Amino acid sequence: MSMLQRGKQLTDILVRDIMISSEKVAHVQMNNPLEHALLVLVKSGYSAVPVLDSSSKLVGTIGKTVILNEILGLERFEVEKLSEMTVQDVMKRNIPLLTENHSFTEALKEVINTPFVCVVDDEGYFDGILTRRAILKELRKYIYSTFDH
Ligand code: 4BW
C-alpha cells in the first residue's frame with residue numbers, strides 16, 4: 001500500500017473513534033470546594049481533570065498545580081482556603097474544545113499544547129476527553145505500518 005493511501009487512513013480517524021467517553025473520565029463540578037477537587041486529583045493520579053456545571057456542561061479544567069499555588073501563602077500552605085474556595089474561583093476557563101466529528105489532524109494540532117482536550121456536543125454538554133496517549137498510539141501504528149523498522 002502506498003504512503004498516500006496510508007495517510008488517507010490516518011486522516012479518516014475521527015475524535016469519536018479514539019476518545020475516552022465521559023463515564024470513564026474523572027471530573028469535578030464547578031461549585032465543589034477546592035478540597036474535593038484536590039482529593040479527586042490526588043486519588044485519581046491525574047494532573048488535571050475537566051470541570052462541569054450542574055447540568056453536565058463543560059466549563060473548564062482544573063489541575064493540582066493551580067490549587068497548590070492558590071493556597072500557598074508567604075510561609076505555609078493556607079489549607080483552610082481549601083474549604084473556603086470553590087473550583088470556579090481558580091479553574092481555567094479558556095480551553096480548546098473538540099467535537100466527536102473533528103478529524104485526527106485537528107485533534108493532533110490541539111494535543112501539541114495540552115495533554116488532553118475536552119470533547120463536547122453542539123450544546124456544550126461534556127462527551128469525554130481526547131488524550132495525547134490516544135493520538136500517539138495512532139501515530140505509532142501509522143509509522144510502524146508505513147516505514148521500515
Ligand atoms: O491512572 C492512570 N492510568 C493510566 N493508564 N495512565 C496514566 C494514569 N495516570 C497518568 N497516566 C499516564 C498517561 O500516559 O501519565 C500521562 C500523564 O497524565 P496526566 O495527564 O499528567 O495526569 C497520561 O497521559 P494521557 O493518557 O495522554 O493523559 C493526558 C492527560 O489527560 C492526563 C490527565 O490530565 C487527563 N486524563 C487522562 N485520562 C483521564 C484524564 N482525566 C480524567 N480522567 C481520565 N480517565
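Computed from a prediction, not measured in an experiment: that's the story for all the values here. Sequential numbering from 1 along the given sequence is applied to the chain's residues. Only this structure's heavy atoms are used, side chains among them; waters, hydrogens and symmetry mates stay out. As the structure lists them, so they are numbered: ligands from 1, and atoms in each ligand from 1.
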With sequence neighbours excluded, residues passing side-chain contact (heavy atoms from CB on, under 4.5 Å) with Phe77
Leu68, Ile71, Leu72, Val79
Give a yes or no on whether the backbone of Phe116 and the side-chain of Arg132 come within a donor-acceptor separation of less than 3.5 Å.
no
Per-atom contact, atom 11 (N) of ligand 1, protein heavy atoms, under 4.0 angstrom:
no
Heavy-atom protein neighbour under 4.0 angstrom from atom 15 (O) of ligand 1:
no
Do any N/O atoms on Ala48 end up under 3.5 angstrom from N/O atoms on ligand 1?
yes
Between Glu84 and Lys81, does any NZ, NE, NH1 or NH2 come within less than 4.0 Å of an OD or OE carboxylate oxygen?
no
What residue and atom, counting heavy atoms only, is the protein's closest point to atom 35 (C) of ligand 1, and at what distance?
Phe116 CD2, 3.5 Å
When you measure from atom 24 (O) of ligand 1 to every protein heavy atom, which one gives the shortest distance, and what is it?
Arg133 CB, 4.4 Å
Purely on distance, is any nitrogen or oxygen of Ala26 under 3.5 Å from one on ligand 1?
yes
Contact check, side chains of Val59 and Arg93, non-hydrogen atoms, under 4.5 Å
no
Backbone, side chain, both or neither: what part of His27 comes under 4.0 angstrom of ligand 1, heavy atoms only?
neither
Protein heavy-atom contact under 4.0 Å for atom 18 (O) of ligand 1?
no
With atom 22 (O) of ligand 1 as the reference point, say which of Ser47, Pro115, Gly45, Ser44 has the nearest heavy atom.
Ser47
With rounding to the nearest 0.5 angstrom, report the CE to NE2 distance, Met19 to His102.
13.0 Å
Among all the protein's heavy atoms, is there at least one whose distance to atom 5 (N) of ligand 1 comes out below 4.0 Å?
no
Quick one: which ligand 1 atoms are inside 4.0 Å of a heavy atom on Lys24?
45 (N)
To which protein heavy atom is atom 8 (C) of ligand 1 closest, and what is the distance rounded to 0.1 Å?
Tyr46 CE2, 3.6 Å
For Leu98, which of Val111, Leu130, Leu14, Ile129 qualifies under side chain to side chain contact (heavy atoms under 4.5 Å, CB included)?
Leu130
Would you say the side-chain atoms of Ser103 pair up with the backbone N or O of Glu106, donor to acceptor, closer than 3.5 Å?
yes
For ligand 1, which part of Ile129 has a heavy atom less than 4.0 Å away: the side chain, the backbone, both, or neither?
side chain
Do Leu136 and Thr131 have side-chain heavy atoms sitting under 4.5 Å apart?
no
Determine if the distance from atom 33 (C) of ligand 1 to the closest protein heavy atom is below 4.0 Å.
yes
What is the distance from atom OG of Ser56 to atom CD of Glu123, rounded to the nearest 0.5 Å?
12.5 Å
Gap separating the CE atom of Met85 from the CD1 atom of Ile67, nearest 0.5 angstrom:
10.0 Å
Atoms of ligand 1 under 4.0 Å from any heavy atom of Arg132, numbered from 1 in the order shown, are 27 (O)
